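Please read all numbers here as calculations on a predicted model, not as lab measurements.
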Amino acid sequence: MWILHNRFPQKKGSIADTAKKIAAGDTTSAKPKSNVPTGWESITTGQNKEYTLENAKLRIRIASKGGMIDYAELKNYKTAAQKPLILLDSSSHSGYQLPIGSQTISTEGLYFTPIAQTAGSITMAVKLPNGGQIEQTYFLKNDSDYQVGYKLVLDGMKDVIPNNINYFFLNWRGAILSNEHDSTISKINTTIHYRNVGETPSYLSETKDDQETFKKPTDWVSFKQQFFCQTLISTEKPFEDAELSTELTTGNTYNKKLKAELTLPYGHSQSETYNMQYYFGPLDYHLMRGMHLDLERQIPLGWSFFLIAWVNRFLVIPAFDFLSGFISNYGIIILLIAVLIKIITLPFTYKSYLSSAKMRVLKPELGVSPFGGCLPLLLQFPILISMYRFFPSSIELRQQGFLWAHDLSTYDSIYTLPFSIPAYGNHVSLFCILMTISTIIYTHINNQLSPQQSEFKWLSYIMPIFLLGVFNRYAAGLSLYYFYFNILTFVQQYIFKKAIDEKKLIAQIEENKKKPTATKKSRLQQRLEDLQKQQQARTRR
């Protein structure tokens, strides 16, 4: 249906209270619809033609039917099957819902004609039979950019659109193609992100169907997948409100169906212009941060946990950038990152080992704080979690091979099982197995060094086994990093053991016991003693 015969309602409540949106139509059919008004046949029938704009990184096609982009390809990237990486194809639809007289028309069913075209831009226009013209202009920013400038002009329509209607809609519906090796991981990394004016960007659920309606000015809306996104940005007039929804699809061709219904203001001027831009590109931190729109917030670096995001932004990402400047092998880069982290935490790790050594030689005796080794663990925890967030979302690791792994951003399968094991899967990830074995060995060594004797030590072996199932489907780069980290820890502990003479340590502790010490009481201790004395005094009375 191209045209609805119901009038635009007055705007109130949410978008759900407004007119029905038009369902997607056939983008190639030339057969007239039975409900097309007299005089509209010339712009609602015809042959769909496509016009291409491209630069070194991006290729887009604009369809004459609807005048919108119906194809976007990233030229420098390939799918997991080494086919052209297409972000947007003809299964996606977008168009405007405009109140014309007593009817609502959808631009999806109108045939546009190019009225101006250069190597890097094109303007598509359609003249309405009852007056007014709709123009859509697209232009590539430059030869090395993923941005597409976009301008919508509603010309001479102030007498066509009813005076009591001061808004219209943009319907954007996208079926997100599955371009990655693991469609399951790809699906849970596909959702809608958006930013309301003056607020921190937010997003819909990644793990289930979700929807959200809000009446707030909105800067941009983005259809985000694991490593790429397609974003529509309003550069002048924010979208007034929005209705967003996600729907999980079956099969492996598409990840999800995403929908955005956006409201644009209409001021009844002789000519209304709306300047916007598209971003079809990778989730590249530096590239997106350079646009100053918080688009980089789509990259899951642990933004909700300040310290984790801080580690990724100011330690992990700069280290990767620096090392990748002169090293092309990312397996080696991950090793050097692990070495760097070990060097940074070395003073605290040494203090932890020294504290453990003191506990070990004293055994049941008191005098050494059992919490002396907790600080290094607390410092290393955000780093470990940062790595957990960074590796699966790093565009730098995508399709980068190392040893037997063909892609460090996904799992490294060395064998596919003829069946699936619950909580594990149907493939064997060797880096994950190496990480698990090294973790079990590390746990065993720690248990041997621990001064406490407990029959519950076996519980510490459960976590590595549990992680085997979790990490089996995660990025191989992450398992590789943890494996490196464990190996470096073994080397580090061996050096510490050689460096610390436990006999001298015992002698030093015994000598310290002989020295008189003045213990300074804390305020809490002093207050408790004062309260105790007051209580004793009242008891005596």
Do you know which two heavy atoms are closest between [X] and [Y], and how far apart they sit?
{"X": "Leu87", "Y": "Gly281", "value": "CD1-N, 3.9 Å"}
{"X": "Ile192", "Y": "Ser245", "value": "CD1-O, 3.4 Å"}
{"X": "Ser420", "Y": "Asn426", "value": "CA-CB, 3.9 Å"}
{"X": "Gly331", "Y": "Leu408", "value": "N-CD1, 4.0 Å"}
{"X": "Ala405", "Y": "Phe431", "value": "CB-CE1, 3.8 Å"}
{"X": "Leu478", "Y": "Phe471", "value": "CD2-CE2, 3.2 Å"}

Just so I know, are the side chains of [X] and [Y] near enough to count as touching, which here means a heavy-atom distance under 4.5 Å?
{"X": "Lys216", "Y": "Tyr194", "value": "no"}
{"X": "Thr410", "Y": "Ile185", "value": "no"}
{"X": "Tyr203", "Y": "Lys224", "value": "no"}
{"X": "Thr249", "Y": "Lys187", "value": "yes"}
{"X": "Ile440", "Y": "Ile465", "value": "yes"}
{"X": "Tyr285", "Y": "Leu301", "value": "yes"}
{"X": "Leu480", "Y": "Asp412", "value": "no"}
{"X": "Gln225", "Y": "Leu177", "value": "no"}

Roughly how far, to the nearest 0.5 Å, is the [atom2] atom of [Y] from the [atom1] atom of [X]?
{"X": "Leu140", "Y": "Asp145", "atom1": "CG", "atom2": "CG", "answer": "9.0 Å"}
{"X": "Ile176", "Y": "Asn189", "atom1": "CD1", "atom2": "CG", "answer": "13.0 Å"}
{"X": "Asp219", "Y": "Phe239", "atom1": "CG", "atom2": "CZ", "answer": "9.0 Å"}
{"X": "Ser92", "Y": "Ile69", "atom1": "OG", "atom2": "CD1", "answer": "11.5 Å"}
{"X": "Ser222", "Y": "Gln230", "atom1": "OG", "atom2": "CD", "answer": "7.5 Å"}
{"X": "Ile343", "Y": "Leu346", "atom1": "CD1", "atom2": "CG", "answer": "8.0 Å"}

- Item | Aromatic centroids of Tyr77 and Phe227 separated by under 6.0 Å |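 They do not qualify: ring centres at least 6.0 Å apart.
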- Report, as yes or no, whether the 6.0 Å neighbourhood of atom CZ on Phe490 holds more than 12 heavy atoms from other residues, nucleotides or ligands.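 Above 12, so yes.
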- Message: Are there over 12 heavy-atom neighbours, none belonging to Gln211, within less than 6.0 Å of that residue's CD?
- Response: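 Not more than 12 within 6.0 Å, no.
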Is a donor on one side and an acceptor on the other found under 3.5 Å between the side chain of [X] and the backbone of [Y]?
{"X": "Ser186", "Y": "Asp182", "result": "no"}
{"X": "Thr191", "Y": "Ser205", "result": "yes"}
{"X": "Asp294", "Y": "Arg297", "result": "no"}
{"X": "Gln399", "Y": "Thr79", "result": "yes"}
{"X": "Trp404", "Y": "Ile414", "result": "no"}
{"X": "Ser394", "Y": "Phe390", "result": "no"}
{"X": "Asn472", "Y": "Ser429", "result": "yes"}

- Message: Set out, in order, the CA-CA distance, both residues' side-chain angles and the distance that settles side-chain contact (heavy atoms from CB on, under 4.5 Å) for Ile395 and Phe228, then state yes or no.
- Response: CA-CA 9 Å; Ile395 188 70; Phe228 306 96; 4.0 Å; yes
- Report the C-alpha separation of Leu85 and Lys78 in whole Å, then their side-chain angles, then the decisive distance to 0.1 Å, and conclude whether the side-chain contact (heavy atoms from CB on, under 4.5 Å) test is met. CA-CA 5 Å; Leu85 196 146; Lys78 299 292 183 183; 5.7 Å; no
- Item | Working for side-chain hydrogen bond (donor to acceptor under 3.5 Å, both in side chains), residues Asp70 and Ser90 | CA-CA 5 Å; Asp70 71 348; Ser90 58; over 6 Å; no
- Query: So, are Arg59 and Glu73 salt-bridged, with charged N and O less than 4.0 Å apart?
  - Reply: yes
- Item | Salt bridge present between Glu247 and Lys259 (N-O < 4.0 angstrom) | no
- Passing candidate, salt bridge (charged side-chain N to carboxylate O under 4.0 Å, His left out) with Glu296, options Arg313, Arg289, Arg195: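 Testing each of Arg313, Arg289, Arg195 against Glu296, the sole residue satisfying salt bridge (charged side-chain N to carboxylate O under 4.0 Å, His left out) is Arg289.
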- Message: Under a 3.5 Å threshold, yes or no: a donor from one side chain and an acceptor from the other, between Thr246 and Asp209?
- Response: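 No - no donor-acceptor pair under 3.5 Å links their side chains.
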- Task: Go through the side-chain N and O atoms of Thr489 and Tyr442 and say whether any donor and acceptor fall under 3.5 Å apart.
- Result: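 Short answer, no.
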- Query: Can you list the steps and then say if Leu170 with Leu232 is a side-chain contact (heavy atoms from CB on, under 4.5 Å)?
  - Reply: CA-CA 11 Å; Leu170 168 61; Leu232 178 59; 3.4 Å; yes
- What orientation do Tyr278 and Trp172 show, parallel under 30°, tilted 30 to 60°, or perpendicular over 60°? perpendicular
- Message: Can you classify the ring geometry of Tyr411 versus His427 as parallel (below 30°), tilted (30 to 60°) or perpendicular (above 60°)?
- Response: parallel
- Which is it for Ile233 and Leu295 under the side-chain contact (heavy atoms from CB on, under 4.5 Å) test, yes or no, and what are the steps along the way? CA-CA 10 Å; Ile233 305 162; Leu295 292 178; 4.2 Å; yes
